A.B. asks: 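Structure incoming, see below.
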Amino acid sequence: MKVVEETPYRFRVEREGSMRVPGVVFASRRLLPEDQALRQVANVATLPGIVGASYGMPDLHWGYGFPIGGVAATDIAEGGVVSPGGVGFDISCGVRLLAASVDRDELRPRLEALMDHLDRGVPRGTGRGGVWRLSGRSELEKLLHGGAAYAVEQGHGVPRDLARCEDYGAVADADVAQVSAKAMDRGQDQVGSLGSGNHFLEVQAVDEVYDEATAAAFGLRTGQVCVMIHCGSRGLGHQICTDHVRVMEKAMPRYGIQVPDRQLACAPVDSPEGRSYLGAMAAAANYGRANRQLLGQAARRAFADVLGAELDLVYDISHNLAKIEEHDGRRLCVHRKGATRALPPHHPDLPEDLAPYGQPVLIPGTMGTASYVLAGVPGGQAFHSTCHGAGRTQSRHQAARSIDGRTLRDQLQAKGIAVRGATWRGLAEETPTAYKDVDAVIEASVGAGLCRKVARLVPLGVVKG
DNA sequence: ATGTGC
């Protein structure tokens with residue numbers, strides 16, 4: 001594998017073997033990942049119908065089949081494929097940011113009380129129930145079609161929330177018939193729950209604003225308290241991925257598709273298997289959005305009860321999704337796995353009030369480090385995409401071996417960050433030392449021309465899944 | 001990521 005530095009923030013993985021396009025990785029030298037992730041970038045470049053390049057964002061790291069931080073688009077008319085591995089197991093995993101009517105100085109004396117309230121009000125960990133008890137299978141079906149919009153319709157939020165959700169709170173074309181009974185069962189009682197792993201609800205403060213006008217348009221000001229929620233589609237999305245990978249593995253020989261890694265299982269977008277996955281994926285996307293809507297409501301209740309304060313939705317984005325988009329007159333299936341759509345100013349998909357500024361992009365850091373609010377920029381590199389987070393450098397196992405959960409909790413508390421965990425092991429696996437430096441990832445993303453900085457947020461308290 | 005692996 002030959003990797004060439006084209007510019008300070010752009011590396012090219014040369015085409016070789018069965019690669020149809022080159023790989024392009026946006027990163028600094030220091031952030032360029034280990035060979036394994038670059039090999040995955042090259043593997044993705046072999047997929048039928050892939051256009052442009054197999055892209056990697058600055059937080060690129062090894063994942064299931066596709067790398068995390070990967071973007072790949074296929075041309076539907078040219079037999080382009082869709083691959084569940086290009087979306088990931090946690091379909092529609094994403095981030096929601098809410099801004100409070102209080103500043104950090106006002107919160108300080110009540111922080112522990114607020115965290116205790118959130119600790120009780122935010123279900124988390126594997127398997128447990130969520131804050132919304134759905135009335136049976138038929139209501140779950142409505143939610144899979146309506147996403148956050150259905151949640152708001154049922155009184156879980158205000159209509160204004162939807163104007164600040166990507167796709168106004170729901171993606172079209174959810175096909176519930178493509179969601180297995182097993183996936184439905186797993187999803188039935190998890191709406192409004194964080195899950196585990198790197199999922200969290202964090203109380204933050206705006207530490208620095210880089211662009212006053214854009215921050216104001218997004219509803220943010222220096223010193224303001226915020227809530228950031230990072231979660232996905234729980235067991236339902238996971239089961240959908242599992243089910244459809246299995247179907248595609250079997251179908252691939254029929255379409256004459258060969259891939260260098262069986263985890264790249266795929267099928268033409270324009271095929272029964274492709275359409276079936278996309279329909280089920282859309283249902284999971286709506287589940288993820290409803291999940292974040294309900295957790296936002298749980299945060300609102302805690303802020304109202306403890307502080308008499310309100311929370312306005314800043315934005316809600318997904319960083320694990322495939323989307324049918326038009327680029328240069330072609331209909332493409334754009335896979336973003338650990339990558340965020342970042343629409344430029346005046347893009348037709350943006351709501352009018354955000355159009356002058358570009359799409360808000362929310363980047364969660366790690367526990368104890370900063371998070372960022374970014375905005376999309378003109379240029380359209382990697383089909384209008386940017387990074388999604390800090391990006392792991394250590395496996396969960398390595399991380400858990402490096403530090404004890406209680407020690408980590410004490411370290412964070414000593415930095416003034418209140419911690420409400422689920423398990424000690426889970427906390428240790430998420431030690432900030434297991435991740436890349438989020439500030440460096442943002443610097444590379446901006447340097448590569450993928451986005452611009454709007455605000456930097458710092459953690460005050462974390463509810464860890 | 002995941003009722004955490006066949």
Side-chain angles (χ1 to χ4, degrees), chain A residues 37 40 59-70 83-96 123-130 140 179-201 229-246 249 262-263 265 277 280-281 283-285 287-289 291-292 295 317-322 335-340 364 366-367 388-401 405 421-431 434-435 463-465:
Chain A
Q40 290 189 317
D59 48 340
L60 192 78
H61 59 110
W62 180 87
Y64 175 90
F66 285 59
I68 295 163
S83 172
V87 172
F89 273 88
D90 194 5
I91 298 167
S92 198
C93 179
V95 186
R96 169 169 292 227
R124 55 198 190 274
T126 52
R128 301 210 247 141
L140 177 57
V179 180
S180 68
K182 202 172 175 183
M184 295 291 275
D185 284 343
R186 291 180 68 175
Q188 188 70 46
D189 66 349
Q190 293 186 319
V191 186
S193 65
L194 276 180
S196 64
N198 64 356
H199 290 162
F200 64 76
L201 182 152
I229 295 164
H230 178 208
C231 65
S233 53
R234 303 293 329 274
L236 179 129
H238 191 276
Q239 190 63 49
I240 286 171
C241 184
T242 304
D243 292 342
H244 288 261
V245 162
R246 201 166 295 155
E249 275 177 350
R262 64 177 294 190
Q263 295 186 346
Y277 170 69
M281 183 210 71
Y287 190 95
R289 283 142 206 253
N291 193 20
R292 288 192 289 275
L295 287 169
I317 48 102
S318 166
H319 49 229
N320 280 9
L321 210 62
H335 302 73
R336 294 187 184 85
K337 179 188 193 177
T340 314
T366 67
M367 286 183 301
H388 88 302
R392 286 198 89 95
T393 53
Q394 279 183 356
S395 69
R396 298 189 171 280
H397 188 73
Q398 282 176 308
R401 254 190 330 197
T423 64
W424 293 117
R425 162 95 195 186
L427 201 64
E429 287 178 351
E430 290 300 314
T431 174
Y435 284 86
V463 179
K464 197 72 202 69

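In what follows, every heavy atom counts, from backbone to side chain, and hydrogens, waters and symmetry copies are set aside. Because the structure is predicted, anything quoted here is derived from the model rather than measured. Every chain is numbered from 1 and lettered A, B, ... according to where its sequence line falls, protein lines coming before strand lines.
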A.B. asks: Please tell me whether A:H319 and A:H230 form a close aromatic pair, meaning their ring centres lie under 6.0 Å apart.
C.D. replies: yes
A.B. asks: Which word best sums up how the rings of A:F89 and A:H238 line up, parallel for under 30°, tilted for 30 to 60°, or perpendicular for over 60°?
C.D. replies: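 Geometry flag for A:H238 against A:F89: tilted rings.
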A.B. asks: Distance check needed: B:dT2 C1' versus A:K182 NZ, whole Å only.
C.D. replies: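 So the NZ-C1' distance, A:K182 to B:dT2, works out to 12 Å.
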A.B. asks: Any side-chain N or O of A:S196 below 4.0 angstrom from OP1/OP2 of B:dT2?
C.D. replies: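 For B:dT2, OP1/OP2 do have a side-chain N/O of A:S196 under 4.0 Å.
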A.B. asks: Just how far, in rounded Å, is P of B:dT2 from CG of A:N291?
C.D. replies: 10 Å
A.B. asks: Remember a base hit wins even if backbone is also touched, and classify A:G195 as base, sugar-phosphate or nothing at under 4.0 Å, heavy atoms.
C.D. replies: sugar-phosphate
A.B. asks: Would you mind reading off the distance between A:I68 atom CD1 and B:dT2 atom P, rounded to a whole angstrom?
C.D. replies: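 Rounded to the whole Å, the gap is 13 Å.
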A.B. asks: For atom CZ of A:R425, decide whether the heavy atoms of other residues, nucleotides or ligands shown that lie under 6.0 angstrom number more than 12.
C.D. replies: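 Buried by this count: over 12 neighbours within 6.0 Å.
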A.B. asks: Please state how far atom CZ in A:R396 lies from atom P in B:dG5, giving the value in whole angstrom units.
C.D. replies: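 Going from A:R396 (CZ) to B:dG5 (P), I get 14 Å.
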A.B. asks: Whole angstrom is fine here: how far is it from CG in A:D243 over to P in B:dT2?
C.D. replies: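 Atom-to-atom, A:D243 to B:dT2, this comes out as 16 Å.
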A.B. asks: Reckon A:G88 touches a base, only the sugar-phosphate, or nothing at all at heavy-atom distances under 4.0 Å?
C.D. replies: nothing
A.B. asks: Taking any heavy-atom pair under 4.0 Å as a contact, classify A:G232: base, sugar-phosphate, or nothing.
C.D. replies: nothing
A.B. asks: For A:Y287 and B:dT2, give me the distance from atom OH to atom C1', rounded to whole Å.
C.D. replies: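 It is 13 Å, rounded to the nearest whole Å.
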A.B. asks: Over how many whole Å does the gap from A:E430 atom CD to B:dT2 atom P extend?
C.D. replies: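 After rounding, the gap between these two atoms is 11 Å.
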A.B. asks: Under 3.5 Å, side chain of A:D59 to main-chain N/O of A:G389, donor-acceptor pair present?
C.D. replies: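 Yes, because the side chain of A:D59 sits within donor-acceptor range (under 3.5 Å) of the backbone of A:G389.
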A.B. asks: What's A:Q190 touching, base or sugar-phosphate or nothing? Going by heavy atoms closer than 4.0 Å.
C.D. replies: sugar-phosphate
A.B. asks: What is the separation between atom CZ on A:F89 and atom P on B:dT2, rounded to the nearest whole Å?
C.D. replies: 12 Å
